[in-house]
Amino acid sequence: IIATLAVTAQNGVDETANYQFTAIFEKKADMNCDGKVNGLDVKAFVEALLDPGAYSTNYAGCNPLNGDMDNNVVLNFDDAGLFADHVVNN
């Protein structure tokens, strides 16, 4: 995504700047980053919870916080029941 920001400074001079952003679209509970939430995400969730290093290797580029179901910015056992409910009901 490329955005152009145009502003007028207090001295009346118009300034323009171009910014480039990378958009990352993540799906809650999509632990294997295949774009779907299903039973295939369970193994990846457990791995992210118990062995974060292995998860990072096996699912490079995938955010383990996709499994942070209670939105406290930590993946922990508190997320497990909410994760299971989400997988079953979505």
Side-chain angles (χ1 to χ4, degrees):
I1 298 172
I2 298 175
T4 301
L5 176 64
V7 295
T8 301
Q10 288 181 346
N11 62 4
V13 176
D14 290 335
E15 296 184 20
T16 304
N18 289 320
Y19 296 91
Q20 185 168 350
F21 301 92
T22 300
I24 299 172
F25 300 98
E26 297 174 342
K27 191 171 191 175
K28 190 64 107 180
D30 181 14
M31 296 301 293
N32 62 0
C33 293
D34 65 356
K36 299 177 233 163
V37 175
N38 55 35
L40 298 176
D41 295 297
V42 174
K43 176 184 179 288
F45 177 83
V46 171
E47 192 166 275
L49 193 60
L50 299 178
D51 191 350
Y55 177 81
S56 294
T57 299
N58 294 329
Y59 303 96
C62 200
N63 188 347
L65 291 180
N66 288 356
D68 176 24
M69 304 306 293
D70 60 4
N71 297 313
N72 68 347
V73 196
V74 176
L75 180 66
N76 56 31
F77 287 99
D78 293 339
D79 298 304
L82 297 169
F83 173 81
D85 287 342
H86 192 81
V87 170
V88 168
N89 294 309
N90 287 294

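Note that the coordinates shown come from a computational prediction; the quantities given were computed from them, not determined experimentally. Worth knowing before you read on, the calculation uses all heavy atoms, side chains too, and leaves out hydrogens, waters and symmetry mates.
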### Pairs meeting criterion side chain to side chain donor-acceptor pair (under 3.5 Å) with involvement of residues 39-54, two or more places apart
E47-N58
### Message
Which residues pass the side chain to side chain donor-acceptor pair (under 3.5 Å) test with N89, not counting sequence neighbours?
### Response
none
### Message
Once disulfide bond (SG atoms under 2.5 Å apart) is applied, what residue pairs with a partner in residues 57-90 remain, sequence neighbours excluded?
### Response
C33-C62
### Query
Taking all non-hydrogen atoms of both residues, which atom of A48 and which atom of M31 are closest, and how far apart?
CB-CE, 3.7 Å
### Residues in side chain to side chain donor-acceptor pair (under 3.5 Å) contact with K28, at least two apart in sequence or another chain
N71
### Pairs where residues 46-69 contributes a residue and the test ring-ring contact (aromatic ring centres under 6.0 Å, His included) is met, not counting sequence neighbours
Y55-Y59
### Summary
When rounded to the nearest 0.5 Å, the distance separating CG of N90 from NZ of K27 is 8.0 Å
#### Entry: Non-neighbouring partners of V88 that pass side-chain contact (heavy atoms from CB on, under 4.5 Å), sequence neighbours left out
none
### Task
Only pairs at least two apart or in different chains count here, so list each ring-ring contact (aromatic ring centres under 6.0 Å, His included) that has a residue in residues 65-90.
F45-F83
### Message
Are L50 and L40 linked, directly or through intermediate hydrophobic residues, by side-chain heavy-atom contacts shorter than 4.5 Å (ILVMFWY only)?
### Response
no
#### Entry: Nearest heavy-atom neighbours spanning D70 and L82
CB-CD1, 3.8 Å
#### Entry: By side-chain contact (heavy atoms from CB on, under 4.5 Å) - contacts of N63 (at least two apart)
E26, L65, N66
### Query
Which pairs pass salt bridge (charged side-chain N to carboxylate O under 4.0 Å, His left out) with one or both residues in residues 78-90, sequence neighbours excluded?
none
